[in-house]
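Here is the structure we will look at, set down as structure tokens.
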Amino acid sequence: MNVRGRIVEVGEEREVETSYGSRSLAELSVVRTDDTDGDGDGDAAGDTDGDADPIRVTLWGKWTQSAELAEPGMDVLVTDVEESEYRGETTYGTSKESYVVLEPGFLVDVTNIRSWVQCPRMYYLNKLSGIPLNYPVVKGTIVHEVFGDLLRGRELDESIDERVREAGLQLGLLGYEADEVRDEVRRNAAAIEGWLAQGTLTEEDGWRSEYTLISPTFGVKGRADALRRGMPVELKTGKNTNREPRFQDKIQAAAYALMLDERGVPANTGTLLYTKNTALERNEETGDLSPAKEFSIGKGLLDFVVRTRNQIAAMEFDMSVPTGFEADAKCEYCFEKDTCMVVSGRLDQESKAGQIGKPLPEAEREYFDRLYRAIEEERRETHAEYRKLWEQTAEERADDDRALIDLEPYPEPDDRREIEGGRWELRARKPDDAVSKLREGDVALASDGDPVSGHAELVRIERLDDEVVVTADEPVTLRRLDVYPSELSVDRMLTAVHDALLKGDPDRKDVLFGRRDPEFSNRSEETYIDNNDAQDEAVKLAVDADDFALVHGPPGTGKTYTIAQIIRALVADGNRVLLSAFTNRAVDNALEALREQGFPTDEIVRVGTENGVREDMLDVRLERSGDPNDRAAALRDASVVAATTATCGSRVVREQAFDVALVDEASQLTEPGTLAAVNLAETFVLVGDHEQLPPVVRAENDLQTSLFERLVTDHPEASVMLDRQYRMSQRIQAFSSAEFYDGELRPATGEVAAQRLSQLPGVDENALPSELRDPVSFVDPDGRRVGNTNPTEAGRIAELVDAYEAAGVAPDDIGVIAPFRAQVAEISRRTDVTVDTVDRFQGSSKEVVIVSFVASGSLDGPIFEDHRRINVALTRAKKALTLVGDADALASDPFYRRILDWARR
DNA sequence: GCTCTGCTCAGAGGA
């Protein structure tokens with residue numbers, strides 16, 4: 001039996017005499033959160049605030065080490081407890097089989113356990129700074145890929161050629177030639193091949209490569225290089241002159257064994273494959289020619305893995321920083337010693353290696369701590385997403401759009417096909433009505449129906465319509481496809497903050513931290529845009545900025561056009577420019593405008609995945625694979641590099657340097673997200689509108705305010721607001737202008753102000769029902785909110801769409817906006833025009849927009865509290881805007897009351 | 001109570 005719950009009290013470790021001799025123990029008081037009453041309804045869950053009686057759990061032996069790390073408030077799981085009666089009370093204790101897991105909901109990566117074993121500071125430093133582009137790592141990756149290819153039966157030379165080619169860009173940036181890399185990889189691969197050839201591949205040896213594992217019990221996730229007869233095999237391209245495998249390597253393999261145990265397939269042996277070892281070991285007295293080192297994995301080693309994992313989880317629980325004293329690693333031989341000392345010196349952290357240099361100013365350290373915490377909170381939320389893989393039923397996940405279930409694989413053998421490189425293509429039929437967040441190009445978790453304890457593979461989605469097609473390293477029966485969460489964006493935020501503070505230019509930091517004001521020099525006498533003063537001013541400000549310039553662009557004010565003008569002016573001045581934005585769509589829109597203005601295509605490079613980059617920009621997309629020198633030159637020689645901010649944080653782009661970084665959608669970016677782009681340039685230009693949607697973050701924390709908003713507020717003198725809008729009629733823009741832009745947003749021309757539906761070809765305004773005659777109208781369908789839908793309202797909206805169409809408006813010119821996805825679905829069922837959430841509508845517009853408010857009775861809910869979202873909804877329409885909702889509900893709130901008054905005027 | 005885009009995923013190593 002297992003015990004799971006929330007710790008309320010932690011006892012001191014003490015020695016007691018038992019029948020086995022003297023043993024140490026520590027007691028925990030735990031309020032159980034697992035289902036203890038056996039009725040299966042789980043009603044004890046979450047009931048941790050003290051009305052349930054705590055139970056006593058005794059941790060014996062080395063588990064007392066984990067007890068020392070335990071704190072009230074932590075979750076704990078103790079497996080295979082022994083139950084006993086003591087003075088009428090049932091108590092629990094660890095048995096020989098037990099594991100004690102602190103904060104099992106916190107998912108620790110196997111590689112993190114590995115680096116913690118080397119040194120806890122190493123774990124911290126890796127997390128903070130990421131691993132920069134360096135040759136040993138790139139080469140190691142290639143050797144691993146070749147290893148996987150060999151296991152899948154691929155021909156060696158073909159594999160090496162392709163894998164080296166794929167790494168072309170990285171190798172080129174590092175200054176390596178393809179030939180020398182191929183030779184080196186071949187030497188490493190020879191060791192692998194020789195070992196594989198020792199009679200093992202001919203028999204049924206049960207090999208498989210790249211095995212993804214997630215452990216709900218132990219709070220560990222990771223990916224094993226390979227399994228052989230169900231036992232973990234890890235490949236290491238480094239040197240190891242000892243007879244024994246390195247301890248941290250053993251721990252890595254043992255961590256995979258632990259997760260295999262949980263799945264009921266015990267692995268008592270681990271293998272480490274050191275590819276540089278053949279020549280070295282040939283001379284040793286053992287006569288062992290093999291690069292493989294086997295070792296046995298017993299319960300003691302597995303316990304050690306779990307205790308190490310607990311150390312990490314406990315440290316992350318209170319977000320403290322490891323000092324290095326947690327382990328007995330020796331600093332004098334450490335590669336990271338200098339980095340370690342600099343980081344601890346700058347951030348004023350205690351560390352075993354000591355400190356070098358002066359601490360950062362207090363304001364910077366506070367900023368670091370604040371964002372570090374916020375980012376780590378975000379990481380927790382990502383972990384919660386992983387947990388849903390097993391905590392939610394398949395149906396719940398499907399309802400949440402996080403999984404496609406009940407896929408029907410084609411009858412064997414048509415459900416799978418071996419493709420190039422020994423990989424697999426898998427196919428299944430998708431139930432008609434199934435929808436999800438998954439998109440073509442995504443990485444997802446494919447499974448036989450159970451993604452955690454069943455057979456699951458990480459796959460790439462190739463096609464997603466009535467048929468599902470995915471590619472995978474190994475075949476699986478394709479019955480279910482789950483969203484696979486990623487910590488990537490969290491990791492990149494952390495490195496962006498690290499780079500900004502620890503590697504950033506002191507001059508830049510002086511402005512960012514308000515120690516001096518942003519400076520401008522009078523470089524430009526030119527007029528860039530002659531029919532719009534604010535746009536022209538924006539270009540001037542950007543060109544003149546020595547630190548940064550801010551362009552505030554309300555809806556329809558020609559932001560994209562201005563961005564293209566700014567980039568052209570900057571490049572004309574001899575600058576190398578990084579163009580970035582939160583979404584791929586915004587990056588491509590800006591590039592499109594740039595190209596339309598005649599900017600030479602051969603000076604542009606678009607960095608991004610094939611699926612992310614829009615089709616019409618693929619011709620300038622940077623192909624990563626190819627000849628190293630050629631690939632590196634393609635990137636280095638471009639005067640404009642365009643990429644999302646997430647890609648700016650990637651290893652390759654992080655190596656680049658620019659004169660200016662221009663970031664669009666800056667108001668939708670977290671501060672670290674913006675820093676990822678801004679870090680790479682001397683000066684920066686941020687374009688955005690903080691009166692529209694803020695950054696999307698999972699946790700409520702300091703990431704919700706964008707750098708754009710902070711700087712606009714602190715330095716209005718460094719900003720220009722584009723005040724002429726080219727989208728909406730006067731009547732439509734009036735509310736937004738008054739409420740959000742101090743009345744300063746105006747139509748650019750009389751034509752814009754006076755535009756009417758009747759100007760559209762074939763439209764007869766008189767054919768509209770009277771309630772829709774005004775450019776802004778309000779309709780109360782007298783509906784009721786049901787969950788996040790309002791079916792009556794949805795029905796009425798379909799009728800309104802029909803009315804517009806009957807008056808001659810083309811379906812393509814009509815858009816419907818609703819606050820909830822559920823209502824979007826409800827309306828979509830009844831009409832063929834575009835229906836979407838506010839969030840997805842940001843950035844686009846339609847001639848006619850109908851907004852569904854859904855709410856009835858009251859306006860409770862976060863979606864209505866953020867008025868910026870409403871601003872977006874109300875500013876998508878050019879000629880006609882119809883609001884549909886419950887008048888009484890809207891009138892109950894002053895802000896919505898004003899909307900009502902405006903619409904019914 | 002809600003909105004939801006990014007990114008190959010995670011891991012690849014030095015002495």
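Quick note on labels: first sequence line is chain A, next is B, and so on, each numbered from 1.
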Item checked: Residue mapping more 5' on DNA chain B - nearest nucleotide basis, A/Arg402 or A/Arg460 -> A/Arg402
[X] has an atom [atom1]; how far is it from atom [atom2] of [N], in whole Å?
X: A/Gln704; N: B/dC4; atom1: CD; atom2: P; result: 16 Å
X: A/Leu438; N: B/dG6; atom1: CG; atom2: P; result: 15 Å
X: A/Arg163; N: B/dT8; atom1: CZ; atom2: C1'; result: 13 Å
X: A/Phe582; N: B/dG6; atom1: CZ; atom2: C1'; result: 6 Å
X: A/Glu385; N: B/dT3; atom1: CD; atom2: C1'; result: 13 Å
X: A/Asp839; N: B/dG6; atom1: CG; atom2: C1'; result: 15 Å
X: A/Glu474; N: B/dC9; atom1: CD; atom2: C1'; result: 16 Å
X: A/Lys437; N: B/dC7; atom1: NZ; atom2: C1'; result: 16 Å

By the 4.0 Å heavy-atom rule, please label [X] as base, sugar-phosphate, or nothing.
X: A/Thr647; answer: sugar-phosphate
X: A/Arg840; answer: sugar-phosphate
X: A/Ser489; answer: base

Margin query: Among residues at least two apart in sequence or on other chains, which ones pass ring-ring contact (aromatic ring centres under 6.0 Å, His included) with A/Tyr211?
Written below: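 A/Tyr211: no ring-ring contact (aromatic ring centres under 6.0 Å, His included) contacts found.
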So does [X] pair up with [Y], basic N to acidic O under 4.0 Å?
X: A/Glu377; Y: A/Arg380; result: no
X: A/Asp442; Y: A/Arg460; result: no
X: A/Glu336; Y: A/Arg121; result: no

Margin query: Walk along nucleotides 10-15 of chain B from 5' to 3' and tag each nucleotide B, S or - by protein heavy-atom contact under 4.0 Å, base first, then sugar-phosphate.
Written below: SBBBBB
Do the side-chain N or O atoms of [X] get closer than 4.0 angstrom to the phosphate oxygens (OP1, OP2) of [N]?
X: A/Asn584; N: B/dT5; result: no
X: A/Ser650; N: B/dC7; result: no
X: A/Arg821; N: B/dC4; result: yes

Next item on the list: Between B/dT8 and B/dA12, how far apart are the C1' atoms? Round to whole Å, please.
Entry: 14 Å
Notebook entry, point to check: Considering only the C1' atoms, how many Å lie between B/dC7 and B/dG11, rounded to the nearest integer?
Noted result: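 After rounding to an integer number of Å, I get 15 Å for this pair.
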Checklist line | Given A/Arg821, A/Arg876, A/Arg869, A/Arg868, the one that forms salt bridge (Lys or Arg N to Asp or Glu O under 4.0 Å) with A/Asp839 | finding: A/Arg869
Next item on the list: Mind checking side-chain hydrogen bond (donor to acceptor under 3.5 Å, both in side chains) for A/Asn679 and listing every partner two or more places apart, or none if nothing turns up?
Entry: none
Next item on the list: Return the orientation label for the A/His867 and A/Phe895 ring planes: parallel under 30°, perpendicular over 60°, tilted otherwise.
Entry: parallel
